[in-house]
Amino acid sequence: MKRIAAIVGRDIRSGIRDWLIVYLSIAPFIIALILRSLIPGVGDSLLSVVVLDQNPLVSSLEQVARVELVSDLESLEQRVLRMDDVFGIVYTRGAYELVVQGNESEHSLGMLETLMARLTNPSSSVPVDIQFSDLGWEMSPLKLYGGIMLMLFTTVFGGMFIVLNLVDEKMHKTLRALNVSPLSRVELVIGKGMLGFLLPLVGCLGAAWIMGFSGIHLGMFFVTLLSIATISIIIGFSIGVMNDEPISAVASMKMVMLPVLLSVFGAMYLADNWHWVLFWSPFYWAYLSMNGILLQQADWFLVLRNSGFILGLTVLVFMGLRKKIVNGLE
Amino acid sequence: MIEKESSRGTEKKGENMISVENLSHYYTQNQVFAVKNVSFQVEKGEIFGFLGPSGAGKSTTQGVLTGLLPLQQGRVRVAGHDLSHPKRTMFNKIGVSFEQSNVYGKLTARENLDFYAKLFDVPTMKTMDLLEMVGLDKVADKKAGTFSKGMKHRLTFVRSMINKPEMWFLDEPTTGLDPAIGSQIKDIIRQENEKGATVFLTTHNMQVADELCDRVAFIIDGEIKLIDSPRNLKLQFGQQMVVVDHLVQGQRKTEQFSLIMDEDKTRLNQLIQTGQIQMMHTKEATLEEIFIKVTGRGLE
């Protein structure tokens, strides 16, 4: 345990002096923040309006839309100009006018115009019956797929920690010094893999929190992250021991992104009866689990079955690369 | 040197720190041997030199002895451990200094040693004491990546002492160092040896081997050609002659005298008593000359 802690401590010390590793550590949080800013109000009402706080229609509007109140016209205009779709409603010259940015969806604008006509003219003969439909989407696709991709890439980046640390050891030939110390091979692997395991867990939890996936089942989330992390660790070790300098290692790591992207986009766009072409990829099973967990539709059977597939495929990959990994650590 | 050998003789008691029997090692599947049927013993408290040119099999042998290479054929025991069933705990007794320095460039000298010390189960030496030994105490908190080649080499060297090894493997410990630092390193090796460390010194520097080693082995093409003490080798292979430079009527004259023939011995005595001798030296063979004589090959 003392030796594992020493390895982890060395890797942390070395890592914080290497900006690339620092960037990798904070990348999930930054990406999560960016995604969060692109999807404000997801999960809330689909129609958002901003009005001056003395507007008499506030209570009526609140029944069908998310209403923000501002004190003056300038604040209202500034709010409308922000990135998300929020319509301003002002009362001028005896009538209500809509303040728009110009890039809002036509359907939302049309719906709001109809709604305003009904609210301002109760005797109107136009029947208004507002219904919001998600057409099968349980949440914003950007939030869901952005979240899944972020989680998968964050765990794959865990492998990158291992790659960079091992390449550093190989570059300076320090593995030879470790190999003539009482440090066992198992301790070396655990020590070297620890950061690649823990940092993605922290990164994924933080990203989930930032993106507002607060209601997810943490147990299932952990089990899925742990199973994805195992494949990332195997990939990290195999690439790390086969490369003596960081550029070639990062180039090899980029190739790993390909099956991740293939698995996610394949699962998204392929018809169900074609999903069998993705069964070879642990990232496909990871996608299925993550999709269910983020939508809060997963059950333990689904999570454990998919994790079993991920671990089984990981074992196969490990058996194939075992000799190279063991030789590379000598 | 002679004093050292006689005093060491009382310490050895015949206990072997290294025992190698019929060691062979190959790198390729076609069994072209890098080391062929090598056998030797290193006694406790001895400084044993393993000498040979590049590619002779020195590093392969040391690789097997330090567990960096697997034992393929033969029997090897190091510090009481059978290497056919190696245990990591044996490294608590072993220190290995590499020819190519291998330290963490992003860590300071102190951090490098502190980290390495944590890997051992035995009491370790104080980091600053080690750094002071090789003149790196002033740069203890500088990153090793900023060090010169010689400084990195010194850091690699002292790191191998951190667990106070009973069996100390040194690969070219003075290569690339300036003479003053090289001399300092040799002194440290002698001191640690006097404290009881057994030293296995791999080098192609015959002068270092001559100065430090109790016995040397010459290895070439993976085979040991000869093992003996430098003194015995010099006696065996050197010429028992004395070369004298002296003045005869103001002119310098060089003459050789046999230390065996009576006529030469008498003439040499006369010259010492009556002649004007400028220089006189024995015609002692160097280890390098002996190596070439025995193996028919140079060291580079």
Side-chain angles (χ1 to χ4, degrees), chain A residues 1-25 161 163-192 194-195 240-241 244-246 322-323 326-330, chain B residues 27 59 62-63 65-70 78-79 81 86-108 110-122 124 143-147 152 155-160 162-163 165 167-171:
Chain A
M1 197 61 204
K2 178 189 80 163
R3 286 187 276 266
I4 292 172
I7 295 276
V8 175
R10 192 221 74 86
D11 286 354
I12 290 172
R13 203 182 288 269
S14 185
I16 56 177
R17 288 172 190 172
D18 190 334
W19 285 106
L20 190 56
I21 288 178
V22 175
Y23 292 145
L24 282 175
S25 307
F161 287 112
V163 168
L164 293 173
N165 267 318
L166 278 176
V167 167
D168 189 44
E169 297 270 5
K170 293 207 86 180
M171 265 173 76
H172 295 100
K173 298 186 178 4
T174 41
L175 273 179
R176 286 170 70 82
L178 298 183
N179 284 335
V180 292
S181 76
L183 179 77
S184 70
R185 191 60 49 84
V186 173
E187 287 171 324
L188 174 64
V189 170
I190 293 173
K192 284 282 158 201
M194 192 66 86
L195 272 186
V241 299
D244 289 336
E245 49 93 21
R322 187 174 157 268
K323 209 171 177 184
V326 170
N327 289 341
L329 287 174
E330 283 172 356
Chain B
Y27 289 103
S59 298
Q62 181 163 321
L65 298 185
T66 54
L68 287 171
L69 291 172
V78 175
H81 292 267
K87 287 180 183 160
R88 302 304 300 178
T89 49
M90 81 172 191
F91 291 105
N92 283 316
K93 293 181 180 178
I94 292 174
V96 183
S97 177
F98 298 90
E99 181 183 5
Q100 282 184 306
S101 40
N102 51 359
V103 293
Y104 294 104
K106 288 174 202 150
L107 301 190
T108 65
R110 189 203 300 266
E111 288 168 346
N112 263 285
L113 296 186
D114 285 344
F115 161 68
Y116 205 65
K118 287 177 192 159
L119 303 180
F120 291 89
D121 305 312
V122 291
T124 51
K143 283 186 195 169
T146 63
F147 284 6
K152 283 180 187 165
L155 185 56
T156 304
F157 175 79
V158 283
R159 186 185 60 196
S160 70
I162 206 156
N163 56 327
M167 183 66 240
W168 198 13
F169 290 92
L170 300 173
D171 195 354

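In what follows, chains carry the letters A, B, and so on, assigned in the order in which the sequence lines appear, proteins first and then strands, with residues in each chain numbered from 1.
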Return the set of residues passing ring-ring contact (aromatic ring centres under 6.0 Å, His included) with B:Phe98 (not counting sequence neighbours), or none when no residue passes. none
Separation between NE2 (A:His172) and NZ (B:Lys152), nearest 0.5 Å, reads 6.5 Å
If every non-hydrogen atom of A:Thr174 is compared with every non-hydrogen atom of B:Asn102, which pair is closest and at what distance? CG2-O, 3.5 Å
Between B:Lys143 and chain A, with a heavy-atom cut-off of 4.5 Å, which part of the residue counts as in contact: side chain, backbone, both or neither? side chain
Using every non-hydrogen atom in the two residues, find where A:Ala6 and B:Lys118 come nearest and quote the distance to one decimal. CB-CB, 3.8 Å
For the CZ atom of A:Arg13 and the OH atom of B:Tyr104, what is their distance to the nearest 0.5 Å? 12.5 Å
Between atom CD of A:Glu187 and atom CG of B:Leu119, what is the distance when rounded to the nearest 0.5 Å? 8.5 Å
Any chance NZ of A:Lys173 has more than 12 other-residue heavy atoms, nucleotides or ligands included, within less than 6.0 Å? no
Any B:Leu107 side-chain heavy atom under 4.5 Å of A:Arg17 side chain: yes
Does B:Asp171 have any side-chain hydrogen bond (donor to acceptor under 3.5 Å, both in side chains) partners at least two apart in sequence or in another chain, and if so, which? none
More than 12 non-hydrogen atoms from neighbouring residues, nucleotides or ligands closer than 6.0 Å to CD on B:Gln100, yes or no? no
With a 3.5 Å distance limit and no angle check, can you tell me whether B:Arg88 reaches the backbone of A:Asn179 through a side-chain donor-acceptor pair? yes
Under 4.5 Å from a heavy atom of chain A, the part of B:Ser97 involved: neither
Heavy-atom side-chain contact between B:Tyr116 and A:Leu183 under 4.5 Å: no
Over all heavy atoms of both residues, which pair between A:Ser181 and B:Phe120 is shortest? Give the atoms and the distance, please. CB-CZ, 4.2 Å
Ion pair A:Arg10/B:Asp114, N-O distance below 4.0 Å: no
For the residue pair A:Arg3 and B:Asp121, establish whether any side-chain heavy-atom pair is separated by less than 4.5 Å. yes
